[in-house]
Structure formats: C-alpha cells, structure tokens
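So you know, we letter chains A, B, ... as the sequences are listed, proteins then strands, and number each from 1.
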Amino acid sequence: MEESVARRIEGTPQFIELVRKRSSLAWTLTIIMLVIYYGFIALVAFAPALIGQNVGGAVTLGLPLGIAVILSAIILTGIYVRRANGEFDRLSNEIVAANNAAMGRAR
Amino acid sequence: MNRILLAASPLLALGATAAHAADLAAPGAKQATNWTAIAMFLAFVLLTLFITAWAARRTKSTADFYAAGGGITGMQNGIAIAGDYMSAASFLGISALVYGSGYDGLIYSIGFLVGWPIIMFLMAEPLRNLGRFTFADVVSYRLQATPMRAMAATGTLVTVAFYLIAQMVGAGQLIELLFGLDYIYAVVIVGVLMILYVTFGGMLATTWVQIIKACMLLAGATLMSILVLATFGFDINAFLAKAVAVHPKHAAIMLPGAQVANPISAISLGMALMFGTAGLPHILMRFFTVRNAKEARKSVLWATGLIGYFYILTFIIGFGAIVLVMGNPQFVDAKGVLLGGANMAAVHLANAVGGSLMLGFISAVAFATILAVVSGLTLSGASAVSHDLYASVFRKGRVTEGAEIRMSRITTVVLGIVAILLGIVFKNVNVAFMVGLAFAIAASANFPVLLLSMLWRGLTTWGAFFGGFVGLITAVGLTVLSPGIWTAVFGMTTPAPFPYTSPAIFSMPLAFLVCFVVSKLDRSRAAMAERAAFDAQYVRAQTGIGAEGASAH
C-alpha cells in the first residue's frame, strides 16, 4: 500500500472510529483477563486456605472459582468475536468500499 | 502414588510444563503388546495416509504447502489449533498431576488456557492481515528483511527444537508403555510417519491429521468423563467426597499444593504459559491457513472453547482415576504405585471404566496425538528454513515456488531425521524441562518482537533484533542457572544462582525493555523510514486491505 493511500484512509472518520472502538474493547478485555487470571494466581499463592473453603458438601471454593476462570476466558473471547464480526466488520467493509471507489476515481 | 512428583522433583514448579509436554519419563515396566490398541492405531494411520495422498494432489504452490491455500474454515482451523495444543501430555500429564496432587492440575490447565483470549484481542487479526506463511512475514513487513527473518527463524527453530525433543522423547516412552514396542522403534515410527505427512501433504494433510486427532481425543475424554460421573449417578458431591476419602492426602487435594508454593515462581510460570502460547511458531502459523481475519477470529473462539472444555474433562478424569484406579490391585503394585508410572493414570482409568476396548482406543488416541503435534512442529520448523532463511535471506526472494517447496521438503526430511536422532540421544532428558524452556523462549524472544512490530510505531529493526536475541539468550541463560539444570543436570552442590523455576518474569520484560531502548536510540535514516512505514502497515493490519487471500478486494 502506498503511504499516501494509507494516510488518506487513516484520516477518514470510519477508520478513526474503527480503531478507537476496537482498541478500547481489545485493551479493556485484555485487562479484565489479566486481572482475573493474576487475581486467581494471587489467591492461590497468598490465600490457599480460601481455595479449600467448603462451599457445600465436598465442593470447595477452588472448584467453582477455577471453572469460572476457564469460562471467563471463553466468554471474553466470545464477546470480542461477536462485536468484531458485526460492528467492526461493518466499519471495515465501509472503509474498503470507500477506498475501492477512491482508487477507481484515481484510475 | 506420587511418582510424577518424585520424577519431576528437581523441577517441581515445572509440573505445568510437565503436564503439557508430557513428563512421560516416569520409569515403569514395558507393557505387554496391546493388540486392540495397535489395530486401532493402524486404522488411524491408514486413514491419515489416505488423506495425505489426497492432500498431496492438491499441494502445488507455496501457499498450498505452507498454508493449505488459505482454504481452511474458521471452525476447522479452531479444531486443528485445539489439536496442536492438546498434546498427549496435556491429556496424560495433567490428569496424572490431578491424580497425584489434585487441585494443582487445575491451576496449570488454567495457565495454558488464558493465553488464548490475549491472542484474540491483540494479535489474531493483525497477524492474519499482515502475514502470509510465517510470523517472520509480519515482523519483516516494514523492518529490514534480512536481520528480522534471521532473528525470527532462530527463535522459531530454537522453540521448535526444544518442543520437538520433548515430544519425541515423550512419544518413545509413552509408546513403549502403551504398546509394548521398543523405545527406538517407537521414535522411528513417529519420525517416519511425520515425514510422510508433511513432505507429501504439507499444511493441508497436517491440518486434517490434527482435526481427526482432536475429535478422537475430545470424544475419548468426554466418554471417559461421562462413564466416571455415571459411576456416582452424576452426584458431584459424592464423587468428590469419595476422592478426598480415598486419596492419602485427603482434603489437601482440594488445596493448592507444593508446586505453586513460591509466589514468584508461580507468577513467572504463569507468564511463560500465558504469553508463550502467543509466541509458539506452529500455533502462529495456523492463522495463515484461513481466508481472512473474520475466519481467524472464529478459529480462536473455537480453539478457546474446545481447550477450556478439554481441561475441565482432564480434571474429572484425574479425580476419576483417584476414585477408581487408586488402590485397585489390578492397576497398582504392592506399594501403591501405578503400573507403568504416574502418567498412566488416564490409561488405567480407561480400562477401569470401559475395559480393553476403551483402553485400546485411548492408547491409540495418545499415539495419534503425538504424531499430529510433531507434524505441526516440523512443518513450522521447515518453513522457517525454506521460506525465511532460504527464499528470503539467502536468495533475496529470487527463487521459484517449485524450488522453495523442494527446499521445504528436503528440510522436513532432515528435521525428521534430526528429530529421531535427538529423540534417541536425549532419551533420558526431563521432557518437562524442555517444554518449559520452549514456552519461556517463545514468551521472551518471539512474543515481544511480534507484538511490538504490530502495535508500536517506534519499533526499529535493530530494536527488534537486539530485543529478540536478548530475550532468547536471557531465557536460556537463566534456565541454565536455575535449579532444573544447575542442580539436576550439572549436579552442582552450591544453590542455583537463579532460584526460580521459570525465567519469564525477568527475560520477557527485559526483551521489551531492550526493544524499547534500542529503538529509541536508533536515529538512523533507515529507522526513520521504518517508523514512517508504520501507517501503511497499520491500515492493512486494521482493515485487511491488500492482505493475502483477503476476501475484501
């Protein structure tokens, strides 16, 4: 891609909107995942007794907690994919279409 | 009973990696030849060779060979990624870890899973939009090709080598145990089949071998878990209570154990697992087999879901083995040690819940799993040599597709032979350690350079080059100074200079720091041009305009 083309696309409102929305979602979800995981590791390292706390019958807190971390990883990924496949792809297609039109005019 | 812990005791906190890559080194008697298992395995081999022949007819261009022509769907690729990730060791090793120390096994599985969302959020799309065949394509997109490809190919080959040694040694030991075949035959069979798949069928055959194996493994593990829970009428409480009552550690199996006692080691290991996944070349390569960024996203969602589900199953299987295998004279010796070693927990459980047919099926699945994982690794090593070093660095891109594929096939054969020899030479090495190292190197050398090249305008060639090599050398160096090598391998009596089990907590931030500082200091004309070229790269990474095989033209 030529730099002039890149700079033109970078200046379009759709591109600015796409990048702003996508990075804010991506970094928010990344931070949530890091907090969940390292929070879990911190509990394991510093409060092991809490992990072994009985929460009903033979089930201890560590089990639902561990499964919740696994599920949160899957759910966070799902949230991202849902928004990206809908909203972000729509924006991205608009940018591509506008670019094709501009390239057509240039030719 | 705690055989896995004893076997890996110098490397206690490396248990995670043990689990992943198969600390299958536990000593044990060779099993009697298992004909059901061999028949099922032969059926798998015939099917996969048939697929290889089919794939070979469709593999003509470099895009076919390295990336299956970009024609894999998101779901197929997701299953194949899960297949790459669920090694025999994940299955046997983590269930063995649960069997030996309960909750620790779950902690490790979680570490292996949480890297996937990060790959999704920060890397999957730009990776797909910028690369063609290898992650070196991405890091050399706007940086100078020769130093960057040399660095990325080195990172790839070192990571692949350690991972491959671990898998080959694990394969030999596992097959010796499961099938009653000699170690050396087992290693040679794995090597030869892997060479056939990759040389003739390229990425297309490798992907389908991976998909079939992933489905077999998931089906087998699901069936075993259902059979285990059915024994207790699906009453989780009764199931757990029985496990706590039977296990010699009793309630302690529901607590974090000795393996995560040191917080710094625990966090360092967590970093290696989480970010190492995002730097494993054979995993990164899978993103180029799909048509566009949308399919790449679907792949990650499928992979994350399947891997998460699989780790929950291994936990049930480990507890199932505590309840149904532990103390059963059919499966343990007079001292209560599992026949064939601690890693056999899941295999004995298969026998306990499903008889010899289930045992044969699970054994065949374990063999198939190793075969599929080594094929993926070899293909990624071969592409680093043929695509990055040969075609781009030595021939400066002046090479025909035919010549590049030929070079790739030759490299595959050479790597296959090298893998067989390494498997034989390193027969007694601690495989857990090798995989720990592979993850730490991937997190310290490949991941920082790849991430910064995609996200940070300021990264220059020399920043990336030095950052990557510093990460690589620090990761290997600190590992040598850690108890795992210093004490266990060199037999030094002085305490290891580096007391932690994983170097990632130091080597990964250091790599980022060097990338940053060297890039900032780089005031050369080339560096200016590289920063200016970021705009074009960024637009392509974000929108896919101009990307290889992208649907949006």
(message) Closer than 4.0 angstrom, basic N to acidic O: yes or no for B:Arg297 and A:Asp89?
(response) yes
Can you tell which of [options] has the highest number of heavy-atom pairs within less than 4.5 Å of chain B?
options                            : answer
A:Ser23, A:Ala26, A:Ser72, A:Ala42 : A:Ala26
A:Ile95, A:Leu50, A:Ile41, A:Leu29 : A:Leu29
A:Leu91, A:Leu76, A:Leu63          : A:Leu63
A:Val81, A:Leu43, A:Ile70          : A:Ile70

(message) As an exercise: rank B:Leu106, B:Ile236, B:Leu122, B:Val300 by heavy-atom pairs under 4.5 Å with chain A and give me the winner.
(response) B:Leu122
(request) Flag the one option from B:Ile267, B:Ile119, B:Thr304 with the top tally of heavy-atom pairs under 4.5 Å to chain A. (result) B:Thr304
(message) Taking atom CZ as the centre, does A:Arg7 end up with more than 12 heavy-atom neighbours from other residues, nucleotides or ligands that are less than 6.0 angstrom away?
(response) yes
(message) Parallel, tilted or perpendicular: which one describes the rings of B:Tyr538 and A:Phe15, with boundaries at 30° and 60°?
(response) perpendicular
Interatomic spacing from [atom1] in [X] to [atom2] in [Y] - rounded to 0.5 Å:
X        : Y        : atom1 : atom2 : value
B:Leu301 : A:Ile79  : CG    : CD1   : 11.0 Å
A:Glu10  : B:Phe534 : CD    : CZ    : 8.5 Å
A:Met33  : B:Leu113 : CE    : CG    : 7.5 Å
A:Phe40  : B:Ile110 : CZ    : CD1   : 3.5 Å
A:Asn85  : B:Lys294 : CG    : NZ    : 5.0 Å
A:Ile9   : B:Ile545 : CD1   : CD1   : 4.0 Å

Part of [X] lying under 4.5 Å from any heavy atom of chain A:
X        : value
B:Gln537 : neither
B:Leu455 : side chain
B:Phe239 : neither
B:Ala293 : neither
B:Met271 : both
B:Val244 : neither

Segment of [X] engaging chain B (4.5 angstrom heavy-atom cut-off):
X       : answer
A:Tyr38 : side chain
A:Ile51 : both
A:Val59 : both

Give the minimum heavy-atom separation between [X] and [Y], together with the two atoms involved.
X       : Y        : answer
A:Tyr37 : B:Gly270 : OH-CA, 3.3 Å
A:Ala6  : B:Ala536 : CB-CA, 3.5 Å
A:Leu18 : B:Gln542 : CD2-O, 3.9 Å

(request) Using atom types as modelled and distance alone, determine if a side-chain donor or acceptor of B:Tyr103 lies under 3.5 Å from a backbone N or O of A:Gly62. (result) yes
(message) Strictly distance-based, threshold 3.5 Å: is any side-chain N or O of B:Asn237 a donor or acceptor partner for the main-chain N or O of A:Ala58?
(response) yes
